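Values below: every heavy atom of this structure, side chains too, minus hydrogens, waters and symmetry copies. Everything numeric in this text was worked out from a predicted model, so none of it was measured.
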Amino acid sequence: MPLGDSATILVPVDVTADDRPARPLVDLCRSVDVVLLGYYPVPDQLAPAQLKQDHETDAQATLEETADRFRDNGIDVTDILVFTHDREDTIDRVANEYDCDAVLVLSETEHIEQILAPIRGDTNLERIVSLLEALMQTSDASATFFHSVAEDSDPSHGEFLVRGAADRLAEAGIDRDRIDWQLSEEESPHDEIVELGQAYDLLVLGETKPSLRDRILGAVPTRIVDEVDRPAFIVRDVE
């Protein structure tokens, strides 16, 4: 199912750190609804209730200040504060509970001019394209679809994928000059995406299987985001 203007994005924020969404990322979210998850990390040896009693007021104030960055842009925001032992588990649970379509992983950025969207295949492709459409309609950013052809695979199928994705964006009204695609036959798509991603301002990735936890913040997406050090939308596969 396409996301379109009805997309809901989960934005996790560590309320104990200077981990705030940069202005260009806030601007990009003008076409979507935001679930802002403020999480307070709790050490294993402490009970969440203990820290909550001492720090809830300050944590809530930090969360509200962050939510106002979105609301001041006319964005519909639901804010949630959680004291947790397990950040990843909390993010996965809230993403499910609020039926979020993607998770925004924050990183510093001064502008969003170029977006890289690595695609693995047909799975989740429609949702990745529709989120890109929503992001590009609220900005002047350009987007590049990237696909690495697996060994012993037909390169023409990979070209069909990236060309098709580019055509869908163009049919949705995005100027063709803002859309590009690349195809590669190198052996390590992970290394290629990391190297290529350095030249872009934002990544749009699809989640991976098999477990929900691994799909959103584990395995491939997190490795890439960590190594590229760019903000990223991880689009959930909730079909």
Side-chain angles (χ1 to χ4, degrees), residues 2-3 7 9 11 21-29 31-32 101-150 155 157-170 172 174-208 215-237:
L3 303 183
I9 307 299
V11 183
R23 172 57 59 185
L25 294 175
V26 174
D27 291 342
L28 267 188
C29 289
S31 64
V32 300
D101 300 292
V103 178
L104 174 58
V105 180
L106 302 178
S107 187
E108 284 297 320
T109 184
E110 295 181 355
H111 49 71
I112 304 291
E113 296 177 353
Q114 299 185 79
I115 303 171
L116 177 65
I119 55 177
R120 298 188 306 274
D122 291 319
T123 303
N124 216 13
L125 180 57
E126 188 174 4
R127 293 169 59 78
I128 292 172
V129 171
S130 62
L131 179 61
L132 265 175
E133 176 191 338
L135 299 178
M136 295 176 76
Q137 285 177 340
T138 60
S139 73
D140 295 324
S142 61
T144 299
F145 292 100
F146 172 82
H147 178 71
S148 181
V149 180
H157 178 65
E159 183 172 338
F160 177 79
L161 279 175
V162 290
R163 280 187 178 275
D167 289 344
R168 290 185 207 182
L169 274 185
I174 304 298
D175 191 326
R176 176 65 80 170
D177 290 341
R178 297 169 60 197
I179 311 167
D180 197 3
W181 57 268
Q182 290 190 36
L183 201 62
S184 171
E185 297 183 39
E186 298 295 329
E187 294 182 355
S188 175
H190 168 270
D191 292 344
E192 280 194 281
I193 293 169
V194 169
E195 181 176 354
L196 186 62
Q198 309 294 336
Y200 288 80
D201 307 306
L202 173 74
L203 304 181
V204 175
L205 302 165
E207 66 180 2
T208 58
R215 286 195 313 236
I216 296 181
L217 291 175
V220 177
T222 291
R223 286 178 57 206
I224 291 174
V225 171
D226 286 348
E227 293 179 43
V228 174
D229 193 23
R230 296 288 188 276
F233 286 93
I234 300 178
V235 181
R236 302 179 66 210
D237 181 8

Pairwise distance CD1(I174) to CD(Q137) - rounded to 0.5 angstrom: 5.0 Å
Identify the two heavy atoms, one from A143 and one from M136, that lie closest to each other, and give their separation to 0.1 Å. CB-SD, 3.7 Å
Would you say the side-chain atoms of N124 pair up with the backbone N or O of V235, donor to acceptor, closer than 3.5 Å? yes
What pair of heavy atoms forms the shortest contact from I112 to I115, and how long is it? CG2-CG1, 4.1 Å
Is there a donor-acceptor contact under 3.5 Å from the side chain of R127 to the main chain of R236? yes
Nearest heavy atoms of G158 and L183, plus distance in Å: C-CD1, 3.5 Å
Roughly how far, to the nearest 0.5 Å, is the CG atom of L25 from the CG atom of L135? 10.0 Å
State whether the number of non-hydrogen atoms from other residues, nucleotides or ligands found under 6.0 Å of E159 atom CD is greater than 12. yes
Could you tell me whether the side chain of R178 and the main chain of A141 form a donor-acceptor pair under 3.5 Å? yes
Separation of F233 CZ from L132 CG (nearest 0.5 Å): 9.5 Å
Check step by step if side chain to side chain contact (heavy atoms under 4.5 Å, CB included) holds for V162 and I119. CA-CA 8 Å; V162 290; I119 55 177; 3.8 Å; yes
For T144, the side chain to side chain contact (heavy atoms under 4.5 Å, CB included) test, sequence neighbours excluded, returns L116, D180, Q182, Y200
CD (E185) and NE2 (H147) are apart, to the nearest 0.5 Å, by 9.5 Å
Are side-chain heavy atoms of V11 and L106 found at a separation under 4.5 Å? yes
L161 to R120 - nearest heavy-atom pair and separation: CD1-O, 4.4 Å
Residues A102 and L131: closest non-hydrogen pair is CB-CD2, 4.1 Å
Applying side chain to side chain contact (heavy atoms under 4.5 Å, CB included), name anything that partners E192, two or more places apart in sequence or on another chain. F146, S148, S184, E186
What's the separation between atom CZ in R230 and atom CD in Q114, rounded to the nearest 0.5 Å? 10.5 Å
Please evaluate residues R168 and E133 with respect to the criterion side chain to side chain contact (heavy atoms under 4.5 Å, CB included), reporting the C-alpha separation (whole Å), side-chain torsions for both, the decisive distance (0.1 Å), and the verdict. CA-CA 9 Å; R168 290 185 207 182; E133 176 191 338; over 6 Å; no
Euclidean distance, L169 CG relative to S142 OG, rounded to 0.5 Å: 11.5 Å
Can you name the closest pair of heavy atoms from A165 and L125 and give their distance? CB-CD1, 4.2 Å
Step by step, would you call D167 with R176 a side chain to side chain contact (heavy atoms under 4.5 Å, CB included)? CA-CA 8 Å; D167 289 344; R176 176 65 80 170; 2.6 Å; yes
Are the side chain of S139 and the backbone of L28 linked by a donor-acceptor contact shorter than 3.5 Å? no
